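Have a look at the structure below before the remarks.
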Amino acid sequence: MTEPTDADGGTRGPLGPPSGPGSAGRRALAGVLAELRAVDGALYAAVAATSTPTLDRALRRLSHAADHSKVSLGIAAALALSGARARRAALVGVGAIAVASASANLLGKRLVHRARPDREAARVTVDRYVPMPASASFPSGHTAAAVAFATAVGVVLPEAAVPLGALASAVGYSRVHTGVHYPGDVAAGAVLGIASAAAALAAAPARLVSRTPSRPGSRSRPCCCRRSWWRRRNRRRRA
């Protein structure tokens, strides 16, 4: 015995596909995701098809230098030698890198098993090639770590926010330019990087995040001594 069909020829009954608001919502979500993947692939193909011989070598080197956050860690080392506030920014930035790397590699890539792009099918020129990672494509760990470092350091050291933000953007684009990530992977990595920086800043001691310089002697003297020190200084000023 066959199941009854509706006017469009679809099967109804216990053996037919589920109907109702839930299934309609899932179909709509699936349609949106399919269209986003199509846009993502089109953007990837457009980047691959655009001839940029002048940029190819520089972006390939930047992408390679960003492996294991070498660029960000090098900047952190330089900041650590540049004063107390810069040193605090470097510590928070390195913490943000750790959170972003763990989130991207241990959670994101294992939850979303997106295959890497096919560079040969997209005809990415070999002059752009960097080693294709064996891990999943989503999200971009390089972008997550670079954005997390730039965001965290920029909060503690605002004068570094713009140059580090530009560098993080270049790192993210380099991953698309070299053909190892889709643009959507990079966008997700950037969002994850911002969230990781926020988590690192929230977990950091207040003395690392604060941009207000401490008063002279505040680290080594208890409160009563600090009050006495300020009273003596005020007396000298009045005299």
Side-chain angles (χ1 to χ4, degrees), residues 32-52 55-73 75 93 96-125 127-154 161-200:
V32 170
L33 292 177
E35 290 177 1
L36 288 176
R37 284 194 295 269
V39 172
D40 205 17
L43 291 173
Y44 178 87
V47 172
T50 304
S51 178
T52 54
L55 292 175
D56 289 348
R57 179 177 298 180
L59 290 171
R60 186 184 70 232
R61 288 179 176 177
L62 176 62
S63 181
H64 180 69
D67 289 346
H68 308 294
S69 299
K70 292 193 294 286
V71 173
S72 297
L73 293 176
I75 294 172
I97 290 175
V99 175
S101 298
S103 301
N105 296 312
L106 299 180
L107 292 177
K109 291 181 183 294
R110 295 187 179 185
L111 292 175
V112 183
H113 301 283
R114 188 181 194 184
R116 293 278 175 173
D118 188 342
R119 286 190 296 196
E120 294 183 0
R123 299 183 179 179
V124 177
T125 177
D127 292 338
R128 301 181 183 183
Y129 275 25
V130 294
M132 180 67 77
S135 60
S137 187
F138 186 96
S140 168
H142 286 65
T143 306
V147 170
F149 180 77
T151 304
V153 171
V162 172
L164 289 180
L167 178 61
S169 299
V171 168
Y173 174 74
S174 74
R175 302 303 285 172
V176 179
H177 193 85
T178 55
V180 297
H181 275 294
Y182 292 103
D185 304 334
V186 171
V191 173
L192 180 60
I194 294 172
S196 299

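Not measured: the values here are computed from a predicted model.
To the nearest 0.5 Å, the span separating OG on Ser137 from NZ on Lys109 amounts to 6.5 Å. Rounding to the nearest 0.5 Å gives a distance of 11.5 Å between CG of Leu33 and CG of Asp40. The distance from atom OG1 of Thr178 to atom NE2 of His64, rounded to the nearest 0.5 Å, is 12.0 Å. In this structure, the separation between OH on Tyr173 and CG on Leu55 is 7.0 Å, given to the nearest 0.5 Å. One distance of note links CG of Leu164 with OG of Ser72; it measures 7.5 Å at 0.5 Å rounding.
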Output side-chain donor-acceptor pairs under 3.5 Å for residues 41-50, partner residues at least two apart or in another chain, one line each.
unit_1 : atom_1 : unit_2 : atom_2 : d
Tyr44  : OH     : Gly179 : O      : 2.8
Thr50  : OG1    : Ala46  : O      : 2.7

May I have the list of side-chain donor-acceptor pairs in residues 100-108 shorter than 3.5 Å, sequence neighbours left out?
unit_1 : atom_1 : unit_2 : atom_2 : d
Ser101 : OG     : Ile97  : O      : 2.9
Ser103 : OG     : Val99  : O      : 2.8
Asn105 : ND2    : Ser101 : O      : 3.0

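For the pair Leu192 and Pro139, the tightest heavy-atom approach, listed with the atom from each and the gap, is CD2-CG, 4.0 Å. Residue Val186 comes nearest to Thr143 through the heavy atom pair O-CG2, 3.5 Å, listed as atom of the first residue, atom of the second, then distance. Contact record, Tyr182 with Ala115: CE1-O, 3.8 Å, taken as the closest heavy-atom pair. Of all heavy-atom pairs spanning Ala66 and Val71, the tightest one is N-CG2, 4.1 Å. Here the shortest heavy-atom pairing between Ala96 and Ala197 reads CB-CA, 4.0 Å.
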Verdict with supporting geometry, Arg119 and Val180, side chain to side chain contact (heavy atoms under 4.5 Å, CB included): CA-CA 8 Å; Arg119 286 190 296 196; Val180 297; 3.8 Å; yes
Worked check of side chain to side chain donor-acceptor pair (under 3.5 Å) between Ser174 and His142: CA-CA 10 Å; Ser174 74; His142 286 65; over 6 Å; no
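Residue pairs meeting the salt bridge (Lys or Arg N to Asp or Glu O under 4.0 Å) criterion with at least one member in residues 168-185, sequence neighbours excluded, are Arg114-Asp185.
Within the 4.5 Å cutoff, the side chain of Ile75 has heavy atoms near those of the Leu167 side chain.
Between the side chains of Ser63 and Arg128, not a single donor N or O lies within less than 3.5 Å of an accepting N or O.
Side-chain N or O atoms of Arg116 include none that pairs as donor or acceptor with a backbone N or O of His181 at under 3.5 Å.
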